[in-house]
Amino acid sequence: MASLVGSTDSYTPPQDALDLVERAVEEALKLGAGYAEARYHARWGKSLSYRNDRPVGVGQLLEEGIALRVMLGGSMAFSATNELAGDAVVRLVEKTVAQARALADRSWGAGVSEETLARAGYRVFEKRRLEDLGLDEMNRMLHGVWGSVSRALSKARVAAFYQNLGWDYEYKYIVTSDGGRVESLTPRLDYFYNIAVAGDNGDMLNRWMQYGNVGGREVWDSWRVEDEVVGEARVLEKILLEAKAPPSGKVDVVLGSEIVGLMVHESSGHPSEADRVLGREAAQAGKSFIKPDYKGTRVGSELVNISDDPTIPGLNGYYLFDDEAVPARKRRLYVEGRVNELLHNRWSAYMMGERSNAAARALDHRSEPIVRMANTYFEPGDHTLEELLEDVREGVYMKTYMEWNIDDERWSQRYVGLEAYLVQDGEIRGMVRNPVLEATTPEIYGSIDAVGKDLRFYAGTCGKGEPGQPLPVSFGGPSVRARGLVIRRP
Amino acid sequence: MGVFTASLREDAEFLLAELARVADDAAVLLTRSDSVMIKLAEGRVSVSQNWSDYEVSIYVARKRRLLVTSLDTRRLDEAKQRVKALAENLDMLQESEYYAPLPERREDVRDDTKYSQKVLELVEDPRPLLEDIYGALDRNNSGKAAGMLLAEAAEGVLVTTGGFVGQSLASKVNGYLRVFGERTSGQWSFTGVAYEPRLLETMVEKASYYSKLSLPYTSIETSRVDIVLTPMVLGNFADYIMGAASAMAVDMGMSFLVGKKPGDRVASGVFTLRDAPREKSLPGGGTYDAEGVETRDKAVVEKGVLKTLLHNTKTAKKHGTETTGNAGWVMPHAFNIAVDPGDWGEEELVREMRRGLVVTNNWYTRLQNYLAGQFSTVARDAVIWVENGEPRALVRKMRIADTFPHILESMRALSRHQYPIEWWEVETPSLLPYALVEGVQVTSRF
């Protein structure tokens, strides 16, 4: 039996499991499935958590299994197991096909769109392999961050600092009954921190942040974590010491790239998921303000161009073929302020008479492939931040956030600024605390009159599905200027 | 499945013996489970899902350094080798301030207090669940529904170098349903160790009732109002409040209970919040925790007073107290949540409020400041405006934007009936009443 985990240079997936994937699809067809798809899906990795100056503990992940999805008679059934034996997989196929058949009279409808499917494989290149990133080096990395953070403040103190650094590899082998066959190996590095800063008067603030990219050990250096965390700690100190109440009422708002990135994920990416538009997630993540006759619906000014692109190398949601073997491409969700394209897997495309654009993703072998984002971003413009600010007479520059949410049709958004500034006559005049922006999706996108060129991406974990599938994604944008939005005090 | 199998125990004891060669303390938790989930959308089945899992969780402490491994594979030999190799590398780290030896408890415990054999039949064939929900939807004249039904059966074995051997059988039947009506929607949930058709019926009735409210729409201003929270909303808040009571959340700087001590008043006198691992109707917990410590039901907040944080032996040692039997090898957590009932009828609570809102469901709770407990959450489904104690209108959309300390201080009355709730936004199985909270900050800009 081949090893589950080998060197990523010489990684040899377990052939017995791959054979079972092929066999599962064959057996399902023999039993009458109209469509079948099977996937061997493995993940393995390591993590180290730290509180203040020392480790809390080490984490280790190792998982593998086979997922099977069948469709027949308008019914869809999914099964998963980590029992990688021929008789067990045959039993699984029999049960899944029988269940699909038994539930057909209650089923909503199932099928897959016709696509040109991939027969391909790829591995993501690492300059320095993550599996060579040992505990000693991870320890030095996190201890180094603590060292810098612990010395960062002079007028407030770091009350608690928690970090977690982890890496993992994800291997997938996907076979569909209509000819798709895709193999991939993806390394990913993740980092999370939470810092609590306390002032003399007992006032405390916290900031958490997540980093994540596809790639090798070199990703860590690109994050410049020590500089970033020290900067964030000093911002919290400054808020505690200096921030005043924000203005209240209708003002101009310059939104920093961190908020713009989150905003496009929440109010462009999610409502563009075709399964939500159809109502498949209605009891969980909800529906969408975008309706099935969506083409051309205006949601913002002509400067609003939002895309989702899985093929950008290194980003947290990177892939070249989706989990239904459809070749990935950039999806232009909003173009010049109008809804242009939904995110589809083959099921939603079938139900709406469209084509898949390779948005099918599954977290692990226990998960069905559903419509997901990858790397969603506001296309950059040509303004510098100074140019965005210079003709704001009275306004707020909200650079970062902590609290946010959006209703389940993706219509009403709320962001509470963390690092935020009063802007008067084009100049930053000092910090303001907790400015609250609550507005509808078209109010925000419709008020954008200038777009920066400072495009930056942020890592996130997107939640969807039942059971939940918390997937790595990224979202990004440049800073943008919005005219006349209502800012409130908390 | 359905009996205590020797092979699972043998696997666990084999792994523990191997790990004990490189560890000062070790624990192995093996879980074998089978489950089925039916998802509904637009009143039809959108997908059925089945899982057959075999999971291995391993805890190793070596020279006061900690390793926790999560393995979802049946290749035990390879898994064992990889855990041992990593354990041997722990020496290069500094000692963890959370190290504490696993408790000595030389007992062999069998726990089937959370098991119903009949659930296994539903795992094999979930159609009776489906027929029951369609029957209830027909009786309530509610066709346009979405939701989920889950049946799950599991066998687990925990062995520790402290001498503990625990074997458990567990089952769960859980569901939630959202019904869409002409003017609004309603959502409800149920959970249990066994399948109780009356709970499913209640879920459909409640979701249908709220979805059919035929009232004019109104809007509200950003203001402070009295609110009756349904168990769905109270459960979401209780989950966050209980999360803040984990001693590790306090140490991480992610809790509004930082700086609070047992004996401090943190809520109004009507509010009692319990962790209830022994609650026989709820599927969480059992008779022992992940360190082999005997669990017990306990008040975390009793009549408004903080009684304890949730501890495992590690956080207890750091905080200078005793474990509360809430391991989590690293993160202590609640197994089930119970908010004690009051003595009010549900309609009585609304009449007592006279003027305010009934918020029937919520989602997307996020915190601006974990240390202050400052949060907002979005109401979804029916939000009812009440005047003179009577429902008068539906509020289309709104948020609650307040702090958990203020919500806790402002609890005024609780209903006498508790509902077992578990869904996306109430992750811990919970027994919850309706609650009247005074002067809650709300916002509306939709």
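Lettering follows sequence order; numbering is per chain, from 1.
Rounding to the nearest 0.5 Å places CE of Met248(B) at 7.5 Å from OG of Ser49(A). Distance check, rounded to the nearest 0.5 Å: CZ of Arg366(A) to CG of Asn50(B) gives 14.5 Å. Between atom OG of residue Ser46(B) and atom CD1 of residue Ile370(A) there is a gap of 10.5 Å, rounded to the nearest 0.5 Å. Put simply, CZ on Arg207(A) and CG on Asn369(B) are 13.0 Å apart, with the number rounded to the nearest 0.5 Å.
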- request: For Gln99(A) and Val36(B), run side chain to side chain contact (heavy atoms under 4.5 Å, CB included): C-alpha distance rounded to whole Å, both residues' side-chain angles, the deciding distance at 0.1 Å, then the answer.
  value: CA-CA 11 Å; Gln99(A) 193 173 74; Val36(B) 62; 3.7 Å; yes

Pair Glu42(B)-Arg280(A), salt bridge (Lys or Arg N to Asp or Glu O under 4.0 Å): steps then yes or no: CA-CA 8 Å; Glu42(B) 296 287 312; Arg280(A) 193 179 194 258; over 6 Å; no

field: Chi angles and distances behind the side chain to side chain contact (heavy atoms under 4.5 Å, CB included) call for Lys397(B), Trp411(A)
entry: CA-CA 10 Å; Lys397(B) 287 176 178 176; Trp411(A) 187 254; 4.2 Å; yes

query: Does the side chain to side chain contact (heavy atoms under 4.5 Å, CB included) test come out yes or no for Asn434(A) and Gln374(B), once each step is laid out?
result: CA-CA 11 Å; Asn434(A) 294 338; Gln374(B) 181 189 350; 3.6 Å; yes

message: Quick one, Ile406(A) with Tyr364(B), criterion side chain to side chain contact (heavy atoms under 4.5 Å, CB included). Give me CA distance, side-chain angles, the key distance, then yes/no.
response: CA-CA 7 Å; Ile406(A) 187 164; Tyr364(B) 226 131; 3.9 Å; yes

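The backbone N or O of Pro55(A) lies less than 3.5 Å from no partner atom in the side chain of Glu95(B), so there is not a single donor-acceptor pair. Remark: the backbone N or O of Leu367(B) is not paired with any side-chain donor or acceptor of Glu403(A) at under 3.5 angstrom. In this structure, the side chain of Gln49(B) engages the main chain of Glu466(A) through a donor-acceptor pair within 3.5 Å. Within the 3.5 Å criterion, the main-chain N or O of Asp251(B) finds a donor-acceptor partner in the side chain of Arg51(A).
A pairwise comparison of heavy atoms in Ala283(A) and Trp423(B) identifies O-CZ3, 3.6 Å as the closest pair. The two residues Gly417(A) and Gln368(B) make their nearest non-hydrogen contact at O-NE2, 3.1 Å. Shortest non-hydrogen contact noted between Lys39(B) and Glu368(A) is NZ-OE2, 4.2 Å. Closest heavy-atom contact between Gly279(A) and Ala41(B): O-CB, 3.5 Å. Between Arg75(B) and Ala17(A), the shortest heavy-atom contact is NH2-CB, 4.5 Å.
Looking at residues two or more places apart in sequence or on another chain, you find no ring pair (Phe, Tyr, Trp, His ring centres under 6.0 Å) involving Tyr98(B).
The shortest side-chain heavy-atom distance between Leu90(B) and Val58(A) falls under the 4.5 Å cut-off.
No other option in Tyr162(A), Trp404(A), Tyr401(A) has as many heavy-atom pairs under 4.5 Å with chain B as Trp404(A). Comparing Thr81(A), Asp408(A), Val416(A) by heavy-atom pairs within less than 4.5 Å of chain B, the highest count is held by Asp408(A). Counting heavy-atom pairs closer than 4.5 Å to chain B, the top-ranked of the candidates Met71(A), Arg410(A), Arg69(A) is Arg410(A). Interface check for chain B: of the options Ala80(A), Gly57(A), Ala196(A), the most heavy-atom pairs under 4.5 Å are formed by Ala80(A). Of the listed residues (Asn139(A), Leu103(A), Leu418(A)), the greatest number of heavy-atom pairs within a distance under 4.5 Å of chain B belongs to Asn139(A). Of the listed residues Leu61(A), Thr441(A), Asp203(A), Asn194(A), the one with more heavy-atom pairs under 4.5 angstrom with chain B than any other is Asn194(A).
Side-chain contact annotation: Arg54(A) with Ser96(B), donor-acceptor N/O pair under 3.5 Å absent. In summary, the side chains of Asn82(A) and Arg74(B) do present a donor paired with an acceptor at a separation below 3.5 Å, with no hydrogens or angles considered. Judged by distance alone, the side chains of Asn405(A) and Ser376(B) do bring a donor and an acceptor atom under 3.5 Å apart. In this model, a donor atom of one side chain and an acceptor atom of the other lie less than 3.5 Å apart for Arg488(A) and Thr222(B). Side chains of Gln94(B) and Tyr50(A): a donor-acceptor N/O pair is present below 3.5 angstrom, by distance only.
Ionic pairing of Glu83(A) and Arg32(B) is not present here: no N-O contact between side-chain nitrogen and carboxylate oxygen is shorter than 4.0 angstrom. The pair Glu438(A)-Arg399(B) meets the salt-bridge criterion, with a side-chain N (NZ, NE, NH1 or NH2) lying under 4.0 Å from an Asp/Glu carboxylate O. Between Arg178(B) and Glu281(A), none of the side-chain N atoms (NZ, or NE/NH1/NH2) sits under 4.0 Å from a carboxylate O, so this pair counts as no salt bridge.
Remark: of the listed residues Trp424(B), Trp363(B), Tyr176(B), Tyr176(B) is the sole one forming a side-chain hydrogen bond (donor to acceptor under 3.5 Å, both in side chains) with Gln284(A).
Asp105(A) touches chain B through its backbone: at least one of N, CA, C or O sits under 4.5 Å from a heavy atom, while the side chain does not. Looking at Val486(A), the atoms closer than 4.5 Å to chain B (heavy atoms on both sides) all sit in the side chain, from C-beta outward. For chain B, the nearby part of Leu48(A) is the side chain; its heavy atoms alone come within less than 4.5 Å. Of the two parts of Ala79(B), the backbone and the side chain both hold a non-hydrogen atom closer than 4.5 Å to a non-hydrogen atom of chain A. In this structure, no portion of Ala67(A) lies under 4.5 Å from any heavy atom of chain B. In this structure, chain B has a heavy atom under 4.5 Å from the side chain of Pro490(A), while its backbone stays farther away. Asp364(A) does not touch chain B: none of its heavy atoms, backbone or side chain, sits under 4.5 Å away. For Ala77(A), the parts lying near chain B are the backbone and the side chain together; criterion is any non-hydrogen pair under 4.5 Å. Heavy-atom distances place no part of Gln163(A) under 4.5 Å from chain B, backbone and side chain included. Contact annotation for Trp208(A): only side-chain heavy atoms (C-beta onward) come within less than 4.5 Å of a heavy atom of chain B.
Residues of residues 60-68 of chain B that come closer than 4.5 Å to chain A, counting heavy atoms only, are Leu66(B), Leu67(B), Val68(B), ordered by residue number.
Geometric assessment of Lys287(A) against the ring of Phe180(B) yields a positive cation-pi assignment under the 6.0 Å and 45° thresholds.
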